[in-house]
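Notes to accompany the following structure.
Side chains are part of it too, since the values below use all heavy atoms of this structure and drop only hydrogens, waters and symmetry mates. Counting starts at 1 for both ligands and their atoms, following the listed order.
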Amino acid sequence: MNIERLESKRAVVGDGFEIRRALPNRHRRTIGAWCFLDHAGPAEFAAGKGLLIGPHPHIGLQTFSWMIEGTILHTDSLGYRQWIQPGQVNLMTAGRGISHAEESPADAPGRFQLAQLWIALPKHESDREPSFHHYPTLPILDRGGFRITVLAGRFDGELAPAEVFTPLVGVDLASQGPARAELTLDPAFEHGVMGLEGSASVAGEMLAPGALLYFGPGRDRLVVDAPAATRLLLIGGEPLGEEILLWWNFVGRSFEEMDRATRDWVAGGRFGRVEGARGEPLVAPDPAGLRLRATP
Ligand code: MN
């Protein structure tokens, strides 16, 4: 039952939003089918200075947005226009292709904290039709001083509503003060726990914001002990068992697939149009860089 300690990469996006990117990590690309994990904020912003991500395409993955503080508007090429509030999840299944945009309210100051994750679709589902779902309420458990929100999959007998295509789990753990709980895990899964706010001991290892502890398969419980207010994100799943390429906003299996998706984004067509987004469409990087990396 190996344990690895990983550190996220820090970056500042937009008008000073600090992002901590835990996945993909140089030392670990995926945890189950989870292949991307950003923790953004918490941050305050002035009117007109919030998050503004213009239209951009995705293939081969699901985007999973867990809103912790503040609100964001999602718009996409299927015509969905959905505000997401704290405690809610937006799940967009890109499949063969979709485009979307995300933005904060334009005209008011605000506060913002979000976990943005991607779930790789298995090969046999990677070309499915795109879809979007908003989940306004999620199962919540109280355990040993933790308020536990089941974001995805099944945890402690509760099943989250999000439609996923591989066995996986996602759980938010938040405490207002000292808390201690023994969590039951699926031993077929590998798991990761990321510190979002405050510090806690996880299986005896100290975990601070931005750090990620990885637990290999074979573990059926995890003791989490927080001396004070804390927030943690637990993700896990059956090891993916297939090689994926992650490039720009795409998950695929070959250079040709990425190249075609890039051309289709430049040309329009496959990814549709996002109506009513404030941001400018994002420009794709040149996939030639990927060919250089992918060719031995
Ligand atoms: Mn996106």
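For the residue pair H134 and N90, a side-chain donor N or O sits within less than 3.5 Å of a side-chain acceptor on the partner. Checking Y135 against Q88 by side-chain atom types alone, no donor-acceptor pair falls below 3.5 Å.
Using bins of under 30°, 30° to 60° and over 60° for the plane-to-plane angle, the ring pair F271/F250 lands in the parallel bin.
In the hydrophobic clustering, where aliphatic and aromatic side chains (Ile, Leu, Val, Met, Phe, Trp, Tyr) are joined below 4.5 Å either directly or transitively, L78 groups with Y80, M92, I98, F132.
Residue-and-atom listing of protein N/O/S atoms under 2.8 Å from the Mn ion (ligand 1), sorted by chain and number: H56 NE2, H58 NE2, H100 NE2.
Using a 4.0 Å cut-off between charged side-chain N and carboxylate O, R29 and E243 make no salt bridge.
When atom types are taken as modelled, the side chain of T149 and the backbone of L151 share no donor-acceptor pair closer than 3.5 angstrom.
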